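Worksheet: the structure to be examined is printed underneath.
Just so you know, residue 1 is the first one in the sequence shown, and it goes up from there. None of the values given here were measured: they were computed from a predicted structure.
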Amino acid sequence: MNKFIESIKNIFAIEDLRTRILNTLFFIAIYRLGVYVVLPGVDPTQLKTGAQGLFGILDTLLGGAFSHASIFALGIMPYISASIVLQLLTIAVPYFQKLQKEGESGRKKINQYTRILTIPIVLAQSVGFIATINAEAIINPGTFFTVSTMIIITAGTLFCMWLGEKITDKGIGNGISMIIMIGIVSRLPGAIIGEAAAKGVNKSLIFLLEMVVLFLVVMAVIVLTQAVRRIAVQYAKQVGGTTQLDAQRQFIPLKVNAAGVMPIIFAQSLMFVPAIVASVWQNQSDTASYIGVKFSDYTSWQYNLTFGLLIIIFTYFYTAISVNPNQIADDLKRSGGFVPGVKPGRDTSEFIDEILTRVTLPGAVALALIAIFPAIALLLGVTRPFSAFYGGTSLIIMVGVVLDTVNQVQSYLLMQHYDGMMKSGKLRGRTAQPISIAS
């Protein structure tokens with residue numbers, strides 16, 4: 001505890017870091033206030049509560065902005081959709097591949113295209129959002145309400161995007177991820193209080209056991225997020241003028257879960273297809289009715305088995321498009337590096353690809369287990385709001401953002417010659433800098 005208090009004092013003793021933390025808190029406060037500003041023309045007392053399915057997941061990521069019919073109803077999610085589209089285009093379209101290889105200038109152009117693409121995406125999604133608002137909550141339905149709501153929601157998303165960029169520039173951590181995490185964390189206290197109230201005094205021991213299990217699950221997610229497979233890289237001795245650099249040995253860190261949370265998001269979006277298709281023929285076929293019932297219940301074994309398999313498939317897919325062994329091998333060859341015992345060029349690319357394929361399997365299986373764990377927790381008696389924090393998208397995003405923020409704070413402390421936030425452990429701030437992998 002003394003070490004922690006001393007670290008807090010050191011953090012606020014660094015003027016730049018203190019300013020960035022205060023800026024981050026200020027921008028987050030603005031976002032949270034906007035979540036509770038209801039759209040004009042909507043009666044908040046008539047809104048339905050408790051969004052389910054995909055809308056429930058979206059509402060959790062947005063911190064309740066979706067169910068509150070807020071001006072930030074879609075939050076930063078259209079921007080993330082645009083980012084995914086641009087990332088896929090860098091794989092399929094030569095022009096975007098060229099931009100990606102141009103370094104900082106290319107990334108700026110891609111970011112600009114992402115911002116532009118966000119506008120039509122949010123306009124299209126806002127139409128779908130308006131359709132989800134129950135008719136009783138709309139005071140004066142009509143064309144004017146639809147058009148004005150589309151404009152307001154689009155402006156809200158662009159403002160959230162601006163807030164995220166400001167947090168990245170003037171604050172601490174990745175702004176876009178920080179906004180999503182804050183929305184998730186905002187529901188955690190209420191979920192814990194609701195779980196404690198549901199268990200009561202008679203089942204307080206069960207509640208404590210649930211908290212212990214939650215702690216263990218969080219530790220497992222941290223291990224999955226931080227786990228890497230290091231590939232040793234040797235750099236030949238270099239001579240430049242009168243300077244001679246000795247041979248250096250570094251490593252390429254291949255993450256066990258290189259795909260992050262995206263496979264869960266992709267799989268979740270597809271899990272509604274069987275139930276929707278089955279609903280068309282549910283009155284004509286017993287099989288269709290059976291499929292519709294089982295895939296509408298996310299605690300059924302049929303749903304979770306399919307969900308887990310889709311996550312494993314999408315993990316391999318997203319890893320393949322985010323980590324390019326050919327580019328890594330080319331970068332090594334240009335910089336004079338090589339993997340000991342492996343020829344530069346194609347052999348190195350195949351070697352990296354083989355290792356990446358092997359380490360992705362345990363990562364994909366672990367990700368699938370974490371994704372279905374909330375359903376298991378719900379079956380074991382955990383309340384629905386609290387069970388969402390036992391895994392899935394929410395927990396992985398929370399852990400990833402917190403670790404990234406802690407690493408940045410750690411770097412500030414070390415640059416100012418302070419002790420880090422923890423003397424043990426393997427935070428990246430205390431390890432040798434790895435070779436960056438361009439995605």
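- A donor-acceptor pair under 3.5 Å is formed between the side chain of Gln408 and the backbone N or O of Gly173.
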Side chain to side chain contact (heavy atoms under 4.5 Å, CB included) between Leu89 and Tyr113, worked out: CA-CA 11 Å; Leu89 288 177; Tyr113 285 131; over 6 Å; no
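- The heavy-atom pair separating Ser70 from Val35 by the smallest distance is CB-O, 2.9 Å.
- Relative orientation of the Phe72 and Phe159 rings is parallel, given thresholds of 30° and 60° on the angle between their planes.
- Here the straight-line distance linking atom CG of Leu74 with atom CD1 of Ile80 works out to 11.5 Å at 0.5 Å rounding.
- Under the 30°/60° scheme for interplanar angles, the aromatic rings of Phe66 and Phe129 are found to stand perpendicular.
- At distances below 3.5 Å, at least one donor-acceptor pair connects side-chain atoms of Glu195 with backbone N or O atoms of Thr383.
- Within a 6.0 Å sphere centred on NZ of Lys170, heavy atoms belonging to other residues, nucleotides or ligands number 12 at most.
- Screening Val256, Val399, Asn257 against Thr225 for a side-chain contact (heavy atoms from CB on, under 4.5 Å) leaves a single residue, Val399.
- Classification of the Tyr303-Phe307 ring pair by plane angle, with boundaries at 30° and 60°, yields tilted.
- Ile121 contributes atom CD1, which lies 11.5 Å from atom OG1 of Thr154 (distance to the nearest 0.5 angstrom).
- Under the 3.5 Å distance criterion, the side-chain polar atoms of Thr90 are matched with a main-chain donor or acceptor of Gln87.
- Scanning all heavy atoms of the two residues, the minimum distance from Thr114 to Tyr79 falls at CG2-CE1, 3.6 Å.
- Here Asp331 pairs with Arg334 in a salt bridge; the nearest charged N to carboxylate O distance falls below 4.0 Å.
- Distance alone, capped at 3.5 Å, places no donor-acceptor pair between the Thr319 side chain and the Tyr316 backbone.
- Val402 is listed as a side-chain neighbour of Val406, based on a closest heavy-atom distance under 4.5 Å.
- Side-chain atoms of Thr24 come within 3.5 Å of backbone atoms of Ile172 as a donor-acceptor pair (strictly under, hydrogens ignored).
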Please walk me through it: do Phe389 and Ile192 pass side chain to side chain contact (heavy atoms under 4.5 Å, CB included)? CA-CA 10 Å; Phe389 291 93; Ile192 294 177; over 6 Å; no
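- Closest of all the heavy-atom pairs between Met178 and Ile28 is CG-CD1, 3.9 Å.
- Between Val365 and Thr315 the shortest side-chain heavy-atom distance does not fall below 4.5 Å.
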Check step by step if side chain to side chain contact (heavy atoms under 4.5 Å, CB included) holds for Leu361 and Thr357. CA-CA 7 Å; Leu361 179 60; Thr357 302; over 6 Å; no
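- Rounded to the nearest 0.5 Å, atoms CD1 (Ile184) and CD1 (Ile397) are 4.5 Å apart.
- Few gaps surround CG on Asp169; more than 12 heavy atoms of other groups in view lie less than 6.0 Å from it.
- Heavy-atom minimum distance, Leu47 versus Asn134: CA-OD1, 3.8 Å.
- Taken from OG1 in Thr149 to CD1 in Ile138, the straight-line distance is 7.5 Å, to the nearest 0.5 Å.
- Checking side-chain atoms of Asp404 against main-chain N and O of Gly400 turns up no donor-acceptor pair under 3.5 Å.
- To the nearest 0.5 Å, atoms CD (Gln125) and CE (Met77) are separated by 8.5 Å.
- Rounding to the nearest 0.5 angstrom, the gap separating the CD1 atom in Ile167 from the OG atom in Ser177 is 10.0 Å.
- No donor-acceptor pair under 3.5 Å is formed between the side chain of Tyr390 and the backbone N or O of Ile376.
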Going through the checks in order, is the side chain to side chain contact (heavy atoms under 4.5 Å, CB included) test met by Val221 and Ile396? CA-CA 7 Å; Val221 174; Ile396 295 175; 4.2 Å; yes
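- The two residues Leu163 and Phe27 come nearest to each other via the heavy atoms CD2-CD2, 3.8 Å.
- Around the CZ atom of Arg358, the shell of radius 6.0 Å holds no more than 12 heavy atoms that belong to other residues, nucleotides or ligands.
- Annotation for Thr45 and Asp43: closest pair OG1-OD1, 2.7 Å, computed over non-hydrogen atoms.
- The backbone N or O of Ile76 sits nowhere less than 3.5 Å from a side-chain atom of Thr157 that would complete a donor-acceptor pair.
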